[in-house]
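Notes for the one structure printed next.
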Amino acid sequence: MRRTTLVLSAAAFALAACSTPTNGTPTPTNGGSSPSSSTSPSLPPGVPKVDHPIDVTRFKQDPCKALTKAQVEELLGSSDTETVPRPDGEAGPACRWSIPSTAEPRINVIFGNSPDGGTASVYAAKGNAYKLVEPLAPIDGYPVTAYGVIDRRTEGACSVSLGISDTETVGIAATQSAANVGKKDPCNAAREGAIRVLATIRGGN
């Protein structure tokens with residue numbers, strides 16, 4: 001199995017997450033996926049709609065459950081990994097995974113404290129809070145957007161937002177190992193993390 005080696009930039013990711021406008025409506029909290037309802041806000045043109053919102057209440061209570069040990073080992077390319085929970089993170093409950101005694105690779109997942117305006121809010125921040133806003137291929141109908149206060153792709157770092165409802169996203173931030181900088185797209189690496197997070201929060205693992 002091909003392993004994807006990632007690294008996360010926690011500081012840049014937290015800064016970006018804190019800059020996201022918070023003008024959304026709370027999503028359903030009845031557990032798991034649920035059909036979108038008439039209470040969903042009207043989305044601006046070009047913003048993808050999430051037809052099956054996902055409730056992440058239990059992951060906010062324990063953010064390190066967003067990825068399984070096997071998923072982390074695959075993403076970091078090592079069976080020797082370290083997990084650091086940050087339940088009281090400034091931008092929301094978060095978890096960081098890394099390889100002990102190294103600065104890289106790393107991966108962070110962060111859940112906002114409240115609905116953050118969803119993908120529409122990320123799009124609206126382009127050219128304002130965020131220099132980088134670039135839609136990526138969706139994952140099973142859930143929108144994925146690369147974003148950042150600054151564009152750090154040439155440094156091997158990228159953050160993506162995974163739209164889990166019309167008003168809420170989950171952030172996944174990745175920074176590649178030095179060996180992969182300039183050779184692989186760090187936003188693709190972050191999207192690989194989002195694929196696994198989505199599988200977990202939907203109950204696929």
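Because only heavy atoms are used, hydrogens play no part in the values below, and waters and symmetry mates are left out as well, while side chains stay in.
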| field | Qualifying residues under side chain to side chain contact (heavy atoms under 4.5 Å, CB included), relative to Ser79, sequence neighbours excluded | value | Glu73

| remark: Sequence neighbours excluded, the answer for side chain to side chain contact (heavy atoms under 4.5 Å, CB included) partners of Lys131 is none

| task | For Glu155, enumerate each residue passing the salt bridge (charged side-chain N to carboxylate O under 4.0 Å, His left out) test, keeping only those at least two apart in sequence or located in another chain. | result | Arg152

| message | Same cluster or not: Val149 versus Val122, using hydrophobic residues (I, L, V, M, F, W, Y) connected whenever any side-chain heavy atoms lie under 4.5 Å apart? | response | yes

| Those residues that, when tested against Lys65, pass side chain to side chain contact (heavy atoms under 4.5 Å, CB included) (two or more places apart) | Phe59, Asp62

| query | Can you name the side chain to side chain contact (heavy atoms under 4.5 Å, CB included) partners of Asn128, sequence neighbours left out? | reply | none

| Partners of Gln61 by side-chain hydrogen bond (donor to acceptor under 3.5 Å, both in side chains), sequence neighbours excluded? | none

| message | I need the full list of salt bridge (Lys or Arg N to Asp or Glu O under 4.0 Å) pairs touching residues 134-148, with sequence neighbours left out, sorted by first then second residue. | response | Glu134-Arg153, Asp140-Arg202

| message | Show every disulfide (SG to SG under 2.5 Å) that has at least one partner inside residues 48-93, sequence neighbours left out. | response | Cys64-Cys95

| request: Decide whether Asp80 and Ser78 meet the rule of one side-chain donor and one side-chain acceptor closer than 3.5 Å. | output: no

| Donor-acceptor pair between Thr169 and Asp116 side chains, under 3.5 angstrom | yes

| request: Any disulfide (SG to SG under 2.5 Å) involving residues 159-189? Give me the pairs, sequence neighbours left out, ordered by first then second residue. | output: Cys158-Cys187

